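Each chain gets a letter, A, B and so on, in the order the sequences are listed, and its residues count up from 1. Heavy-atom basis, side chains included; hydrogens, waters and symmetry copies ignored. In this text, all values refer to a predicted model and were calculated from it rather than measured experimentally.
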Amino acid sequence: MNTNYPALLVIAPLLAALICSLFSWSAKKLCYPTALLGLSISFFSAYKVLIQVLSTGTIQYRMAGWAPPMGIEYRIDLLNSFVLLLITGIALINLVASYQSIQQETKEKANAFYSIYLLFVTGLIGVTATGDLFNLYVLLEITSLTSYAQIAMGDKDRSPLASLNYVFIGVIGASFYLLGVGYIYIMTGSLNMLDVATLLPALHGSSAVLIAFIFCFLGIWIKMALFPLHIWLPNAYTYAPTAVSRVIAPLMTKVMVYVMIRLMVTVFGFEYIFEKLHLAEAVVWIATIAILAGAIMAIAQKDLKKMLTYIIVCEIGYMVGGAWLGNELGMTGAILHIINDALMTFALFLAVGNMVYKLKNVQYSNLQGLFGKMPWTMAGFVLAAFSIIGIPPTCGFFSKWYLILGAFDAGAYHFAIALIISSLLCAVLFFKVFEISFFNSGHDKIEMSEAPVSMLIPLGLVSILLIITGIYSDKIVNTIILPFLQ
Amino acid sequence: MHWQIDLIILTFTIFCALAAITVKDLLSTAILFGAYSFMMCLLWAVMGAVDVAFTEASVGAGVSTVFFVAAVFRTGRRTKD
Amino acid sequence: MSEFLPMIVAKYNYWLYIVLMMIGLYAMISKNNLIKKLVGMNIFQTSIILFYVSIGYKTNATIPIIENAHGGGHSAQELVIHAADYINPLPHVLMLTAIVVSVATFGVALALAVKIYQRYQTLEEDEIRMRLTEE
Amino acid sequence: MRFIALIIVFLCGGLLLYATADFPAWGDPNSPANSYLSPHFIEKSIEETGVPNLVTSVLADYRGFDTMFETAVVFCAGLACFLLLRNYDRKEENFYRHLPTGVIIQFKKGDKTLPVGKEFEHMDTEWVPYDLIIKTACRILIPFIQLYALYVVAHGDFSPGGGFQGGVIFGSSLILYAIAYNLRTLVQRIKEKMLGLFSAVGVLIYAGIGLICMILGGNFLDYGKLTQILPFDPGHIRAYGMLGVEIGVGITVMAVMVVIYVNIVSEGKHDEGL
């Protein structure tokens with residue numbers, strides 16, 4: 001049984017989603033436990049896969065027993081086993097944390113909501129684990145379709161419109177990716193990532209491969225909400241239900257960054273991207289603009305949740321810029337930042353979710369005296385804010401440190417300056433929020449109305465996790481990221 | 001003889017696509033959209049993709065036109081542009 | 001000019017899907033009515049399917065179903081199958097998936113359009129934006 | 001706004017046209033796409049899977065994992081339409097027609113209802129005259145459409161067709177039934193709970209077959225391992241595995257098409273519609 005963990009990893013949430021949908025019609029009580037069981041099996045097998053990869057190297061799992069170029073194959077190496085562990089962990093913790101808010105927001109349809117939540121996680125796991133280009137498109141469609149539906153279940157007035165805009169731009173992105181895969185297929189004849197990587201070097205001169213490269217990355221940048229293509233993200237994540245924004249915000253865009261790095265490292269290869277094409281400098285400039293624009297727009301916001309979405313746009317600029325610097329330091333910083341940023345964003349959205357559960361709306365004017373009302377949530381929020389700004393013990397500092405080193409090493413000073421400026425802007429941002437919520441301009445005495453315990457423990461757990469990944473970040477880099485890049 | 005058929009169907013496809021977008025009444029858009037899907041199904045049948053043509057005929061021309069008319073029935077029929 | 005003509009005949013099919021895709025993209029961006037944008041989206045997706053199907057086409061090859069293999073009377077070894085006789089089945093498989101995905105997205109997008117109409121009583125982009133700014 | 005759209009369109013169009021410069025000529029048998037993977041599928045499919053229709057053999061066996069997630073996409077669409085549109089609150093006004101006299105009774109508040117039967121009959125707000133010709137024609141036509149749909153699903157191995165096409169045709173026969181009569185008769189005849197269960201059961205059949213193959217020692221979805229439990233000769237076992245999978249796909253697609261149609265046309269109230 002132990003050789004089937006990669007398949008079990010994807011099948012467990014899918015089966016749990018189906019059984020949960022069956023139970024939602026008959027035995028409503030069993031829906032939540034099935035969801036928990038499915039995700040914990042998936043988390044356990046992700047852990048087992050990580051151990052296996054660390055001990056024996058890359059795992060190859062042939063679906064339906066066919067050899068790779070013929071059938072579909074799962075190649076799990078160091079990078080995606082860690083990202084898989086991250087996805088399943090965050091999804092499991094979020095399911096536990098948002099039980100109350102799901103009951104509160106999706107009243108009689110909560111049981112069916114678990115099913116579509118699990119399908120979203122299946123899509124993410126499949127996107128990360130697959131080794132086949134077209135299979136990645138199908139799973140990308142599952143992830144997008146479930147996120148359209150989940151986002152549209154949010155607040156009555158704005159979320160359907162935000163979701164429909166997300167549908168249009170998401171379909172353009174996915175279709176551009178499909179077009180890119182079509183161009184790769186017409187030139188090389190294969191769909192398997194490894195196979196394509198061996199066939200591509202012979203075709204480096206041809207314009208079709210160049211256009212395939214451009215459209216693949218264009219599609220992924222749209223899905224990733226890189227700066228000029230990020231129009232759909234702020235509304236979609238702000239008006240989504242809290243349980244949904246807490247799982248989409250940290251994972252969706254980070255998995256797309258992982259897909260970009262997978263395409264860069266495994267399919268197209270470094271020497272094609274950095275020697276043959278001269279796009280790297282232009283992309284680093286786009287990333288710099290993304291960082292600055294994200295930070296500036298975040299300051300202009302009046303709503304805490306909307307401000308966080310612009311910080312996500314800014315963080316995407318970090319990762320894309322880091323990956324395209326062209327040297328090992330930058331790529332290490334980008335990969336480490338995927339992990340750190342997922343945890344930081346998850347902690348921030350957990351805290352904001354607790355606030356929304358209690359206060360119903362999180363405009364700045366409504367945040368008075370929050371330190372008094374919800375001390376534990378605010379403690380988690382402060383820790384996550386420190387991590388975004390990049391204060392040493394927390395993990396945000398280390399990945400930013402690698403990125404800045406990589407920028408200086410590659411001579412991209414504009415990127416390094418943008419990193420520092422955005423850290424300062426984030427500092428200004430968060431201290432404005434602390435200042436509002438600390439000084440109670442209201443007159444009445446603040447009684448402590450904290451979020452329920454089941455929402456506080458996950459926040460505490462993730463905050464501690466922030467510090468642990470911070471301390472062990474060099475261990476992560478040496479055992480996982482550097483061997484992967486060699 | 002082969003590429004003449006191809007050309008006729010291609011011109012019909014482009015005509016249906018442009019008409020479906022420019023016409024103002026949504027029900028006629030639904031019909032033109034069904035015609036466009038049927039033309040695509042013909043195109044693929046000519047190109048030898050029989051499974052894809054069968055799916056497009058039943059799914060594209062069939063069901064998505066029914067969904068389209070059902071949605072137009074529930075929302076408005078007039079469009080401004 | 002002389003070498004241009006055979007090049008056209010060899011490749012005109014590939015240019016067709018670009019025309020359709022651009023019609024779809026233009027409709028998605030510039031049309032005011034949300035349902036019209038959905039029509040543009042579907043045209044955009046079907047044009048990519050057209051591109052994939054035209055990859056697998058082989059001149060004077062028959063459809064990808066092996067002839068006289070139904071009976072099963074004679075074992076498979078006697079059947080001599082040449083790859084050049086049959087059309088490449090792989091793009092067809094990929095496009096079966098793409099068609100079903102485009103219908104699923106179309107259904108969910110129509111459900112969203114109905115939900116927006118329930119709230120705003122209109123599907124025109126500018127009227128919705130006007131009503132949004134009123135609140 | 002239109003000007004920006006035109007710029008984007010011409011930019012993308014130009015990039016794509018530039019790429020077609022060094023495509024292989026259209027339709028030549030030894031272009032990379034036609035000479036690398038597909039000869040294996042064409043020549044080996046009969047020996048390895050025993051299924052003459054190459055598209056079905058590649059769809060359900062070589063790349064069966066793709067098709068499972070495609071069925072999951074269809075299931076997602078049905079679930080999404082249910083989650084987005086379904087609302088359970090009562091309708092305010094009801095219309096009844098007193099059959100003997102033809103008098104139409106309207107109840108403003110939704111709480112009072114009349115026993116629908118010999119004497120009274122439901123009436124939709126957008127009242128549509130039921131044409132006898134359409135009703136009887138459809139009553140005769142629908143069973144044959146369903147028979148044809150089952151043929152399409154069953155005959156997917158030998159002729160064009162398979163789970164998706166068969167499921168859609170079966171679903172559209174039910175939609176025809178809803179349009180010919182009225183939505184209420186379809187919803188009474190096929191309960192919403194039944195549709196929900198069918199849409200989940202189809203994908204469960206697909207994943208279940210894969211899981212059984214895994215338990216029997218092979219990789220996920222490896223039909224070859226089914227010989228240990230099914231009494232068929234190993235040469236055709238993969239064809240039977242594919243048939244089982246196609247049946248699962250057909251069930252899901254049929255149920256989801258009806259769920260999407262019913263939810264869109266009645267805006268989630270499941271009472272009145274086209």
Worksheet item: Using non-hydrogen atoms only, which part of C/Tyr17 is less than 4.5 Å away from chain D: side chain, backbone, both, or neither?
Response: side chain
Worksheet item: Among C/Gly107, C/Pro64, C/Ala104, C/Ser54, which has the most heavy-atom pairs under 4.5 Å with chain D?
Response: C/Pro64
Practice prompt. State whether the side chain of D/Tyr206 and the backbone N or O of D/Gly64 hold a donor-acceptor pair below 3.5 Å, judged by distance alone.
Written response: yes
Practice prompt. Below 4.5 Å from any heavy atom of chain C, which atoms of D/Phe41 appear? Answer side chain, backbone, both or neither.
Written response: side chain
Fill in: Donor-acceptor under 3.5 Å (D/Glu267 side chain, D/Ile264 main chain)
no
Worksheet item: Looking at side-chain heavy atoms only, is the closest gap between C/Ile116 and C/Leu34 below 4.5 Å?
Response: yes
Worksheet, complete the sentence: Applying a strict 4.5 Å limit to non-hydrogen atoms, the region of C/Phe51 in contact with chain D is side chain
Worksheet item: Would the number of heavy atoms belonging to other residues, nucleotides or ligands and lying under 6.0 Å from CZ of D/Phe10 be above 12?
Response: no
Item to complete: State whether the number of non-hydrogen atoms from other residues, nucleotides or ligands found under 6.0 Å of D/Tyr88 atom OH is greater than 12.
Response: yes
Worksheet item: Under a 4.5 Å heavy-atom cut-off, does chain D meet the side chain of C/Met28, its backbone, both or neither?
Response: neither
Worksheet item: Under a 4.5 Å heavy-atom cutoff, which of D/Cys12, D/Ala80, D/Gly78, D/Ser31 has the most pairs with chain C?
Response: D/Cys12
Fill in: Heavy-atom pair count under 4.5 Å with chain C, highest-scoring of D/Gly50, D/Pro39, D/Gly13
D/Gly13
Worksheet, complete the sentence: Per-residue tally against chain C (heavy atom, under 4.5 Å) across D/Asp157, D/Leu85, D/Asp66 peaks at D/Leu85
Discussion item. Does D/Phe198, at its CZ atom, have more than 12 non-hydrogen atoms belonging to other residues, nucleotides or ligands within less than 6.0 Å?
Written reply: no
Worksheet item: Looking at C/Ala84, C/Ala61, C/Gly56, C/Pro91, which makes the most heavy-atom pairs under 4.5 Å with chain D?
Response: C/Gly56
Fill in: Straight-line distance of D/Ile8 CD1 to C/Met22 CE, nearest 0.5 Å
10.5 Å
Worksheet item: Just by modelled atom types, is the D/Ile42 backbone N or O under 3.5 Å from a matching donor or acceptor in the D/Ser45 side chain?
Response: no
Practice prompt. With a 4.5 Å cut-off on heavy-atom pairs, point out which of C/Ile29, C/Thr59, C/Thr97 contacts chain D the most.
Written response: C/Thr97
Fill in: Side-chain touch C/Ile18/D/Thr20, heavy atoms, less than 4.5 angstrom
yes
Fill in: Contact class of C/Leu94 relative to chain D, heavy atoms under 4.5 angstrom
side chain
Discussion item. Looking only at heavy atoms and a cut-off of under 4.5 Å, which of D/Leu37, D/Asn34, D/Asn263 has the most pairs with chain C?
Written reply: D/Asn34
Fill in: Contacting moiety of D/Arg2, where chain C heavy atoms sit under 4.5 Å
both
